[in-house]
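Here the structure is laid out as C-alpha cells; the discussion comes afterwards.
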Amino acid sequence: MLRFQNTMSRRLENFEPINPPNVGIYTCGPTVYDYAHIGNFRAYVWEDLLHRYLTFKGFNVMQVMNLTDVDDKTIKSSHKLGISLDEYTEKYKKAFFEDIDTLNIERAQVYPSATEHIDDMVQLVRMLLDKGIAYRGDDDCIYYSIAKFPGYGKLSGKRPEHLIAGARIKHDEYEKEEWADFALWKAWTPEDGDVFWETPLGKGRPGWHIECSAMSMKYLGESFDIHTGGEDNIFPHHENEIAQSEAATGKTFVRYWLHCAHLIVEGRKMSKSLGNFYTLRDLIEKGYNPLAVRYLLLATHYRQHLNFTFDGLNASQSAIERLEEFFDMLTDYSQRDILGTDRKVTDAINDGLKGFEKAMDDDLNISGALGAVFEMVRKINKISADDGITVADANYGIEAVNKLNSVIGVLKKEERKLPDELQKLIKERETARKRKNFARADEIRKKLLDMGIELKDTPDGTKWKLRKS
RNA sequence: GGCGGCGUAGCCAAGCGGUAAGGCAGAGGCCUGCAAAGCCUCCAUGCACCGGUUCAAAUCCGGUCGCCGCCUCCA
C-alpha cells in the first residue's frame with residue numbers, strides 16, 4: 001500500500017485517490033526569470049520520481065506544473081533589458097524545458113502560464129469579493145482577509161495570532177486591514193510600465209498565490225489529489241492557496257500535501273556570495289554527466305536535506321556505471337545460448353523488484369529502493385561469475401531493469417553503434433593481438449582513445465565504450 | 001519569540017523496538033600480452049552525548065550539546 005507523509009496531518013497516510021486510477025497532481029513550477037539552479041531541480045526531479053512511480057503503480061497521472069511568467073522579478077528584469085515581458089520570459093521558459101530534458105525529467109501533462117490565465121484568476125478573485133472575503137485597499141489593490149477564513153494556518157501550523165512580525169518584515173503597511181493579508185490583485189503602478197491587464201477588477205496584474213489556485217482548479221478540479229512543492233512553499237504560498245480555494249469553493253482543496261526539503265552544497269547553504277551556487281548548465285559545462293546529477297538529486301529521500309557535493313557527484317557517476325555494466329552483462333547473456341532457467345536468478349530478480357516497490361511504497365523511500373536494486377545486482381553478478389546466466393533469465397533481468405529504470409530514469413538507451421571504419425579498426429586490432437603484434441594493437445587502441453573511444457579486452461572479446469568526460 | 005527538522009563508518013545514505021541495507025572510496029583476490037574496465041570477498045560490538053523505560057533501543061521517554069529550515073522573493 002502506497003503511503004505518503006502528508007504535510008497537512010504530519011502523518012503517513014495511505015494514498016487513496018479521489019477517482020482511481022486517475023491521479024491529479026499540481027506542482028509549483030519555476031518563475032521564469034533566470035536559469036533554474038540545482039536546488040530547484042532537486043524539487044523537479046523528485047516530482048518526476050513521484051510522477052513516474054505513480055505510473056509504475058498503474059495510476060493514470062495528470063500532472064500540472066505552472067510557469068510563473070509575471071511577477072516583480074520578471075517585470076523588473078525585462079524593463080532593465082528594454083524588452084517585452086513575453087520576450088524575456090520566453091527565453092527562460094525555453095531554457096527550463098531544455099534543462100528538464102537534460103535531466104531526463106518526463107513532461108507534465110500541462111504547463112499553464114500565468115499570463116494566459118488572467119481571466120480565470122479574475123473570476124476567482126471576483127468570487128472572493130462577492131463572498132466578502134476579499135476587499136479593496138486604499139491603494140486599489142485587492143487583498144485577502146485572512147481573518148475571514150477560520151482554517152487559516154492549518155497547513156503550516158502558523159496561526160494568525162502567532163504571525164508576529166519578524167525582523168525583516170516592515171510593519172507600516174496601512175493599505176491592508178491586517179498586515180498578514182496578502183494581495184490577490186495588484187493595481188497598476190508606473191513601475192509596471194506596459195505590463196498590465198484591463199479587467200473588471202481594474203487595471204493591474206495578479207498576485208502570486210492566486211495563479212496556483214486558479215490554474216490548479218481549472219485543470220484538476222476544485223478538489224484534487226496531490227499538491228507538491230519545496231518546503232519553503234508551505235508558508236505562505238500553499239497556506240494562501242488553501243485559503244483562496246477553499247473560501248471560494250467550500251470544498252477541500254487538496255488531499256495530500258507533499259513537500260521536499262532543501263538542498264545544501266558542500267554542507268553549506270547555496271548562495272552566490274559563497275561561490276557555491278550552481279545552475280544545471282554550470283555542472284554540464286564542468287563536464288559532469290547529467291544523469292549523474294539526476295542520480296544525486298534523486299538518491300536522497302525527499303524529506304531529508306540533500307547535501308550536494310562533487311564527491312557525491314562522482315560517486316553517483318560510478319553507481320550509474322555499475323548499473324550500466326549490469327545491464328550490458330545481461331544483454332550479452334541474452335544473446336548467447338545457455339538454455340533453461342536458474343531459480344536463484346529469478347529469485348534474486350523478484351526480490352529486487354519486491355524490495356524496490358516495498359521501499360518506494362513507504363513514502364518514496366528511494367534510498368531503500370536503490371539498496372534493493374544493488375543487492376539484486378550483486379547477487380546476479382555472483383551467479384554470473386560462478387555459473388553464467390541463461391537466455392531466459394537474462395531476458396527476465398532486462399525486463400526488470402527496464403521496469404526499474406522507468407522509475408529512476410538514470411540509464412539512457414543510446415544507440416550503440418560505431419562507424420564501419422572504426423569497427424574494422426577494432427577487428428584489425430583483434431587480429432594483431434592474436435598474432436602477438438602488440439605494438440600495432442596498442443597503436444590502434446591509442447588512436448581510438450584519442451577519438452574518445454575506450455577499448456577493453458575482456459574474456460568475451462574486445463568491447464568499447466565512449467569515454468566519460 | 002513562534003513552528004519544525006536533523007546528528008548512523010573516510011564521504012553519501014537507509015533502517016524508526018528484535019540485535020547495523022546500499023552506493024562511493026579503501027584493502028585483498030580473479031581475469032589479463034600490457035592497460036583499462038569489470039566481477040568477487042573484506043570493511044561500524046556500534047548509530048552526537050548523558051540518563052531512563054524494556055527480556056531487547058540507532059529506534060521509545062527525559063535532558064545536554066551541535067547543525068539547519070520556515071515566520072509574505074525563495075524548490
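Only this structure's heavy atoms are used, side chains among them; waters, hydrogens and symmetry mates stay out. By convention in this document, chain letters (A, B, ...) are assigned in the order of the sequence lines, proteins followed by strands, and residues within each chain are numbered from 1.
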Interatomic distance, A:D311 CG vs B:A9 C1' [rounded to whole Å]: 16 Å
- request: Would you please confirm or rule out a distance under 4.0 Å between OP1 or OP2 of B:C39 and any side-chain N or O of A:R322?
  value: yes
- request: Give A:L263 one of three labels, base, sugar-phosphate or nothing, depending on what nucleic acid heavy atoms sit under 4.0 Å from its own.
  value: base
- prompt: Would you call A:K382 and A:D386 a salt bridge, using N to O less than 4.0 angstrom?
  reply: yes
- request: Determine which nucleotide pairs with B:A48, using a 3.5 Å limit on both distances of a Watson-Crick or G-U wobble pair.
  value: B:U64
field: A:E321 side-chain proximity, nearest of B:G38, B:A75, B:C40
entry: B:G38
Under 3.5 Å, side-chain donor or acceptor atoms of residues 363-374 of chain A against the rest of the protein: list the pairs with distances, not counting sequence neighbours.
from   : atom 1 : to     : atom 2 : distance (Å)
A:D363 : OD1    : A:Q5   : N      : 3.1
A:D363 : OD1    : A:Y302 : OH     : 2.5
A:D363 : OD2    : A:Y302 : OH     : 3.3
A:D363 : OD2    : A:R303 : NE     : 2.9
A:D363 : OD2    : A:R303 : NH2    : 2.6
A:N365 : OD1    : A:S367 : N      : 3.4
A:N365 : OD1    : A:G368 : N      : 3.0
A:S367 : OG     : A:A299 : O      : 2.9

task: Identify, with sequence neighbours excluded, every residue that meets side chain to side chain donor-acceptor pair (under 3.5 Å) alongside A:D72.
output: A:R205
Which residues share a side chain to side chain donor-acceptor pair (under 3.5 Å) with A:T27, sequence neighbours left out: A:Q63
message: If stacking means aromatic ring centre less than 5.5 angstrom from the base's six-membered ring centre, planes under 30°, is A:H262 stacked on B:G69?
response: no
task: Considering just the side-chain nitrogens and oxygens of A:N381, establish if one lies under 4.0 Å of OP1 or OP2 belonging to B:C40.
output: yes
task: Kindly write out the residues that satisfy side chain to side chain donor-acceptor pair (under 3.5 Å) with A:D48, not counting sequence neighbours, or none if the list is empty.
output: A:R52, A:R294
task: Report the distance from atom CZ of A:R42 to atom CG of A:L297, rounding to the nearest 0.5 Å.
output: 8.0 Å
query: Under 4.0 Å between a side-chain N or O of A:R378 and OP1 or OP2 of B:G22?
result: yes
statement: For A:D34, the side chain to side chain donor-acceptor pair (under 3.5 Å) test, sequence neighbours excluded, returns none
statement: Here the residues of residues 26-39 of chain A within 4.0 Å heavy-atom distance, strictly under, of RNA chain B are A:H37, A:G39
task: List for me each residue that meets salt bridge (Lys or Arg N to Asp or Glu O under 4.0 Å) alongside A:K154, sequence neighbours excluded, and say none if there are none.
output: A:E246
- prompt: Roughly, in whole Å, what's the span from CZ in A:R294 to P in B:C12?
  reply: 23 Å
- line: Side-chain atoms of A:F235 come closest, of B:G22, B:C71, B:A75, to B:C71
message: Among residues at least two apart in sequence or on other chains, which ones pass salt bridge (Lys or Arg N to Asp or Glu O under 4.0 Å) with A:K446?
response: A:D450
message: For A:Y333 and A:S384, which I'm curious about, is there any donor-acceptor pair between the side chains at under 3.5 Å?
response: yes
- prompt: Which whole-number value in Å describes the distance from A:I389 CD1 to B:C40 P?
  reply: 11 Å
Between B:G5 (C1') and A:R11 (CZ): distance, integer Å: 17 Å
task: Classify the angle between the aromatic ring planes of A:F56 and A:Y53 as parallel (below 30°), tilted (30 to 60°) or perpendicular (above 60°).
output: parallel
message: Could you tell me how far apart A:N314 (CG) and B:G10 (C1') are, to the nearest whole angstrom?
response: 15 Å
query: Rounded to whole angstroms, how far apart are CD1 on A:I264 and P on B:C70?
result: 12 Å
Check the interface with nucleotides 13-20 of chain B: list each N/O to N/O pair with the protein under 3.5 Å, or write none.
from  : atom 1 : to     : atom 2 : distance (Å)
B:A13 : O2'    : A:S367 : OG     : 3.2
B:A14 : OP1    : A:H301 : N      : 3.3
B:A14 : O5'    : A:S367 : OG     : 3.3
B:A14 : O3'    : A:N365 : ND2    : 3.0
B:G15 : OP1    : A:N365 : ND2    : 3.0

message: Whole angstroms only, please: what is the CG-P distance between A:N240 and B:C71?
response: 12 Å
- line: Here the distance between atom P of B:G69 and atom CZ of A:R303, to the nearest Å, is 19 Å
Could you list the donor-acceptor pairs under 3.5 angstrom formed by side chains in residues 93-105 of chain A, with sequence neighbours left out?
from   : atom 1 : to     : atom 2 : distance (Å)
A:K93  : NZ     : A:D69  : OD2    : 2.9
A:K93  : NZ     : A:S113 : OG     : 3.0
A:K94  : NZ     : A:E98  : OE2    : 3.4
A:E98  : OE1    : A:R281 : NH2    : 3.0
A:D99  : OD1    : A:R281 : NE     : 3.0
A:D99  : OD1    : A:R281 : NH2    : 3.1
A:D99  : OD2    : A:R281 : NE     : 3.4
A:D101 : OD1    : A:R107 : NE     : 3.4
A:D101 : OD1    : A:R107 : NH2    : 3.2
A:D101 : OD2    : A:R107 : NH2    : 3.0
A:T102 : OG1    : A:E98  : O      : 2.9

query: Roughly how far apart, to the nearest Å, are B:C49 and B:U41 at atom P?
result: 31 Å
- prompt: Can you find a donor-acceptor N/O pair under 3.5 angstrom joining the side chain of A:K158 to the base of B:C70?
  reply: yes
field: All salt bridge (Lys or Arg N to Asp or Glu O under 4.0 Å) counterparts of A:D351, not counting sequence neighbours
entry: A:K379
message: Let's see if you can work this out: which of B:G23, B:A75, B:C24 has an atom nearest to the side-chain heavy atoms of A:S318?
response: B:C24
- request: Spell out protein contact along nucleotides 29-36 of chain B as letters: B when the base is contacted, S when just the sugar-phosphate is, - when no protein heavy atom is under 4.0 Å; keep the 5' to 3' order.
  value: --S-BBBB
